[in-house]
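Chain naming here is simple, since letters A, B, ... match the order of the sequence lines and numbering starts at 1 in each.
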2 protein chains.
Amino acid sequence: MLSQKTRYAIRAMQHLADKYGQGPIPLTDIAETQNIPAKFLTVILSELSRYGIVASQRGKDGGYWLGVPPIDITYGDLIRVMRGSLALVPCASRFAHETCKNCVEEKDCRTRALMLQVRDATAGLLDGMRLSDKIDPVPAAEGLEAVEDV
Amino acid sequence: MLSQKTRYAIRAMQHLADKYGQGPIPLTDIAETQNIPAKFLTVILSELSRYGIVASQRGKDGGYWLGVPPIDITYGDLIRVMRGSLALVPCASRFAHETCKNCVEEKDCRTRALMLQVRDATAGLLDGMRLSDKIDPVPAAEGLEAVEDV
DNA sequence: GTATTCTCTATCGTAAAAGTTGACAATGGG
DNA sequence: CCCATTGTCAACTTTTACGATAGAGAATAC
């Protein structure tokens, strides 16, 4: 699962992408329309601006904007910035590899082999989706099914 | 990320799959070869046996075995049992849908639209991989790259 | 009856996640 | 120059989830 913070970050970035080229967007504008606790959002935006993908200006008429054109920011980038990795297990990350604790040797680990495939599929999708993409929300009802018996 | 518990569960199930048809496997056998804290493993195996995918017998020569043939258990099933969902956000789960807290309306949520795609791709892979599959571990060195600047 | 092995509920400790506080610094306008 | 506005930052609190353990109990085999 993505953390709440990562989800906030994604929505904030989408908001800035929508208003790209319109000058500084004040934090409260993002917080209100995206339903994000304002103070927490300051932490998130500071973090993103340290990476350079968000720029900011203080004072009257200040605010935030994308430091990079929306077409150059993928959702994969965002998730990597916020949580370090796209993978489901640390040992299956390609950019932030870590050996798993209490595991078997990596060279013998079948779970890792599977999770590398999942990571690659996920990356294939998320690295192809950009902040500039027009995305049609999926109607809420769609895709709900009963819980499956296992 | 998958929780440690989920990873333990997967390895325990792989172990039982390897020994399918060989009678009850004692917990300590699984714990030792798979490097899982024994006491914690009791919790995990109890949980799995409540779902019927693991069977057990107490007493001398007791132990655990798969309650279902390994070909009928997918990795998708395992992850759903352990963590409820394959999705990266609660609102993108197809079998355990929940609305996200502090989010925008689902019908307006672009993140959800993206994450449904990711979920479907993940499910496409994991629901096709079975405990009976012969899996070749990937050599540990493979797939390590430098951290990318974002 | 005794050793073995699983069962179950409760509980603990820690770390991470989520969110808040408050002092501070820059900017623009009167 | 003062003041309102808006971002910056480090420290802190609160909450929650996770990982793990404890310990009493029940079935089974010999």
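OP1 and OP2 of dA18(C) both lie 4.0 Å or more from every side-chain N or O belonging to Asn102(B). When the side-chain nitrogen and oxygen atoms of Ser56(B) are compared with OP1 and OP2 of dT7(C), one or more of them lie within a distance under 4.0 Å. Not one side-chain nitrogen or oxygen of Arg50(B) sits closer than 4.0 Å to the OP1 or OP2 atom of dT7(C).
Rounded to whole Å, the distance from CG on Leu2(A) to P on dA17(C) is 12 Å. Met1(A) places its CE atom 10 Å from the P atom of dC18(D), with the value rounded to the nearest Å. Met82(A) places its CE atom 11 Å from the P atom of dA17(C), with the value rounded to the nearest Å.
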Listed pairs, N/O of protein and of nucleotides 21-27 of chain C, under 3.5 Å:
| from | atom 1 | to | atom 2 | distance (Å) |
| --- | --- | --- | --- | --- |
| dG22(C) | O6 | Lys39(A) | NZ | 2.7 |
| dA26(C) | O4' | Arg58(A) | NE | 3.4 |
| dT27(C) | O2 | Lys60(A) | N | 3.3 |

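Residues from residues 8-35 of chain B placing a heavy atom under 4.0 Å of any atom in DNA chain D, listed by number, are Tyr8(B).
Across the interface with DNA chain C, nearest-nucleotide mapping of Gly63(B) and Leu41(A) shows Gly63(B) to be the residue nearer the 5′ end.
For Glu47(B), the CD atom counts as densely surrounded, since its 6.0 Å shell holds more than 12 non-hydrogen atoms of other residues, nucleotides or ligands.
The residues Asp77(A) and Arg130(A) are annotated as not salt-bridged, no charged nitrogen and carboxylate oxygen being separated by less than 4.0 angstrom.
Partners of Asp18(A) under the salt bridge (charged side-chain N to carboxylate O under 4.0 Å, His left out) rule, at least two apart in sequence or in another chain, are Arg110(B).
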Kindly indicate, with the supporting measurements, whether the criterion side-chain contact (heavy atoms from CB on, under 4.5 Å) is fulfilled by Arg80(A) and Asp127(A). CA-CA 10 Å; Arg80(A) 277 192 209 95; Asp127(A) 287 338; 2.7 Å; yes
